[in-house]
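Shown next, in C-alpha cells, is the structure this report addresses.
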Amino acid sequence: MNKEELSEKLNDFFQVIFEKELIDEILEVGTYKMVKENELLIDIDEKFDKIPLLLTGAIKISREDKNGDEIVLYFLERGDTCTVSFGNGLGLTKSKIRGVAEKDSELILLPISKLDEWMVKYESWRTFVIDSYNIRINEMFEAIDTLAFMNMEDRIFKYLRDKVKILRDPMLSTTHQEIATDLHTSRVVVSRLLKHLENEGKIRLYRNRIEVLDY
DNA sequence: ACATTAAGTGATT
DNA sequence: AATCACTTAATGT
C-alpha cells in the first residue's frame with residue numbers, strides 16, 4: 001500500500017480527530033499492517049511494543065485463565081485503539097489479553113515512544129488517548145455487568161447483537177460451538193438457548209449461520 | 001455411500 | 001446452567 005492510499009484511509013477515520021501535522025507524522029513513523037480473519041494479532045504473555053490504530057475491520061479481545069478457559073471481553077472497531085498497549089511507557093510488560101481478527105482488518109502500528117512525545121505536542125492526540133481510555137473502561141464495566149448480572153440467554157443475545165453492530169451484517173457466520181467458547185459455556189446450552197431465541201422470533205438458525213432479526 | 005462435523009433434545013444433576 | 005448420551009441433519013470425499 002502506498003502513501004496516498006494510507007493517507008486516505010487515515011483521513012477517513014481519524015481526520016475529525018487528528019490535525020494535519022499529526023497525520024503526517026503518523027504516516028511517517030507508522031507501519032501499515034493487514035491481518036486476515038481469525039489471525040492472531042497478540043497473545044497473552046506476548047510483548048507488544050506498538051500502538052495499533054484500527055483502520056478497518058474488527059478485533060476480538062479475550063482473556064484466558066491458567067486452565068486455558070477463555071472468555072471474550074469486547075470487540076475493537078475501526079477508529080479504535082488498544083489502550084492496554086498504552087499501559088507502560090516502554091511496552092515491556094506482557095499482554096494480559098488476546099486479540100484475534102474477527103474479520104479481515106487493516107491497522108497502523110506506531111512506535112510506543114511516540115505516545116509521550118505526541119501527548120505534549122498535539123492536543124488532538126491527548127484527547128484521543130484520554131477518550132480511548134474512557135471508552136475502553138466503559139466497555140470493561142459493561143463486560144463486568146454482563147458477566148455478573150445477565151443470564152446466559154441474555155448474554156448470548158447481547159453477544160449476537162454486538163456482532164451484528166460490529167460486522168454491520170445481521171447474517172452471522174458462526175457456529176454454536178464458537179459462541180460457547182467465547183462465552184465460556186457449553187455448546188449444548190448455547191444450542192438450547194438459541195432455539196428458544198428463534199422461537200421468540202429474535203433470530204433465525206441455519207447451519208454455520210445465524211440471522212439476527214431483532215437488533 | 002460413507003465419514004465427519006454441526007445442531008437438536010430428553011433426562012439427570 | 002452443565003453434562004451425558006444419543007439422534008438427526010448437512011456437508012465433504
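Lettering of chains follows the sequences in order, A, B, ..., and the numbering in each one begins at 1.
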What I want to find out is whether A:Glu139 reaches A:Arg136 closely enough, with some N-O distance under 4.0 Å, to be called a salt bridge.
yes
Measure from CG on A:Asn208 to P on B:dT4 and round the result to the nearest Å.
18 Å
Using whole Å, what does the distance between atom C1' of nucleotide C:dA1 and atom CG of A:Asp69 come to?
15 Å
So if I take residues 179-204 of chain A and measure heavy-atom distances to DNA chain C, which residues fall below 4.0 Å?
A:Thr185, A:Ser186, A:Val188, A:Val189, A:Arg192
Take atom CD1 of A:Ile156 and atom C1' of C:dA2, then tell me their distance rounded to the nearest Å.
13 Å
One thing to verify: whether A:Glu64 and A:Arg98 come together as a salt bridge, which I'm taking to mean a side-chain N less than 4.0 angstrom from a carboxylate O.
yes
Applying the side chain to side chain contact (heavy atoms under 4.5 Å, CB included) test to A:Glu106, which of A:Arg78, A:Met34, A:Lys33 qualifies?
A:Met34
May I ask you to say whether A:Lys60 pairs ionically with A:Glu178, meaning some side-chain N is under 4.0 Å from a carboxylate O?
yes
Does OP1 or OP2 of B:dG8 have a side-chain N or O of A:His176 closer than 4.0 Å?
yes
Could you state the atom-to-atom distance from CD of A:Gln177 to P of C:dT3 in whole Å?
12 Å
Let me know the distance between CG of A:Leu205 and C1' of C:dT8, rounded to the nearest Å.
15 Å
Looking at A:Arg126, I want to see if its CZ is surrounded by more than 12 non-hydrogen atoms of other residues, nucleotides or ligands under 6.0 Å.
yes
Could A:Lys96 and A:Glu46 be called an ion pair, given the rule that one side-chain N must be under 4.0 Å from one carboxylate O?
no
Does any donor-acceptor pair link the side chain of A:Arg207 with the base of B:dT5 at a separation under 3.5 Å?
yes
Please report the distance, rounded to the nearest Å, between CD in A:Glu178 and C1' in B:dA7.
15 Å
